[in-house]
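Please read the structure below before turning to the comments.
Counting starts at 1 for both ligands and their atoms, following the listed order.
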Amino acid sequence: MPQNSRSLVKISVSELQVGMYVAQLDRPWEETRFVYQGFFIYDWRDIQELQAQCEFVFVQAETEVVEEEKTVTAPSGKKIRTRVKKEKTRLVHKAPAYRELTKAANSMGQAKQTIHDVFRAVKLGRDIDMKAVTVAVTDIVDSIMRNPNALQWLSLIKDKDDYTAEHCLRVCVLSIIIGREMGFNEPEMVDIGVCGMLHDVGKVKVPDEILNKPGSLDKDEFEIMKQHSQYGRDILISLSSAPKSAVDVAYSHHEKVDGTGYPRGLAAHQIPLKAKIVGVVDAYDAMTSARVYKDPMSALESLRIIYDVRGKHFDLEVAEFFIKTMGVYPAGHIAELNSGEVGIIVRSSNEHRLKPKVLLVLDEKKQLRKEAILDLSVNCLTDAGKPLRIKEIHPNGAFGVRLENYVKKGLRLAEYDD
Ligand SMILES: [Fe+2]
């Protein structure tokens with residue numbers, strides 16, 4: 001049975017190819033113009049930039065250990081057949097996001113069904129099918145390994161009427177993406193995905209009138225809501241097949257590193273790392289989602305809040321990884337330019353996070369226009385001769401622009417993405 005593991009391989013910058021993941025340079029990152037420490041090579045410009053600044057780099061590779069039969073000569077001179085272990089190394093390439101979209105959408109659909117089954121089972125007092133949960137999460141991890149952008153994009157498409165299941169799914173997807181950024185191996189990524197998927201399972205026991213109250217909760221109602229952490233722990237601990245990490249995350253994802261969280265008011269060092277990751281992702285998704293009682297907050301506004309309370313509510317390192325991974329201008333969000341035009345951010349690169357590529361869809365009067373790609377990293381000007389820049393980032397659906405309509409046009413996305 002082959003075993004896979006991730007390793008780094010040193011290669012000359014002349015051998016670089018699009019899609020490779022550069023994990024280390026031949027010099028400290030601080031001595032280069034690269035802002036982010038580790039990134040996928042997106043196009044030839046990234047290769048040119050690396051060639052201008054380095055001689056060699058370390059790229060991620062997958063090492064597969066396989067057993068092969070071989071004839072060897074024994075000290076006696078006799079030839080014998082034996083099995084030897086051999087390492088095969090191949091460099092990691094990511095699949096283009098447009099090719100991954102269909103598979104990612106299928107994985108998401110399957111996972112959503114699994115979450116519905118989990119909640120139904122808990123409501124009926126039956127056991128959760130942990131095998132089905134693991135299979136669904138493994139499928140998501142595989143998609144993220146091929147290309148995290150596809151699922152990150154799909155996570156932006158939200159159905160207000162199916163909040164709980166979709167929220168669990170998005171927390172699962174984003175926690176895996178953050179875990180990957182933090183260097184988790186694949187089994188750990190599956191584990192944090194399971195934690196993310198099940199983190200709010202205790203909400204099944206919170207009355208619907210509190211869960212879906214169209215307004216803020218009063219003190220007593222909030223106390224009842226807070227019990228979902230304990231309920232979640234109790235539900236999962238009663239299952240022999242639920243991983244201990246999922247029990248910990250369900251119990252501790254509302255703890256804060258300054259000790260003001262619930263249910264136990266744990267200190268920073270007592271909160272498990274996976275609960276810290278799921279905690280940040282959970283808060284971000286809640287802030288950026290529309291609910292019966294609130295409009296969605298923009299991604300930028302939410303990232304700013306996370307930044308402001310890093311080291312108090314959220315673990316400093318986890319919060320910074322999260323902000324870095326989601327990007328300053330995350331791909332898939334709606335951008336309003338200072339010219340009044342509106343577009344969808346299609347690429348937020350490591351090099352030009354403040355100047356992404358935008359697919360323009362509305363003109364300055366917010367009327368549909370012929371779609372066109374605008375690269376803000378190339379100095380563009382408004383009609384008045386001012387530098388063109390992003391004025392505001394809006395959630396999906398702003399000005400009637402819905403990401404799903406463009407994702408459905410898979411071919412068009414293919415032209416603009418990867
Ligand atoms: Fe929660």
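- Using a cutoff of 4.0 Å between basic side-chain nitrogens and carboxylate oxygens, Arg304 and Asp308 are not scored as salt-bridged.
- Residue pairs meeting the ring pair (Phe, Tyr, Trp, His ring centres under 6.0 Å) criterion with at least one member in residues 307-327, sequence neighbours excluded, are Tyr284-Phe322.
- At least one N/O/S atom of Asp200, whether from backbone or side chain, sits less than 2.8 Å from the Fe ion (ligand 1).
- The distance from the Fe ion (ligand 1) to the nearest N/O/S atom of His253 is under 2.8 Å.
- Nearest N/O/S atom of His254 relative to the Fe ion (ligand 1): this is NE2.
- Side-chain contact between Leu8 and Gln60 is present, with at least one heavy-atom pair separated by less than 4.5 Å.
- For residues 116-127, the side-chain hydrogen bond (donor to acceptor under 3.5 Å, both in side chains) pairs, not counting sequence neighbours, are Gln113-Asp117, His116-Asp162, Asp117-Arg120.
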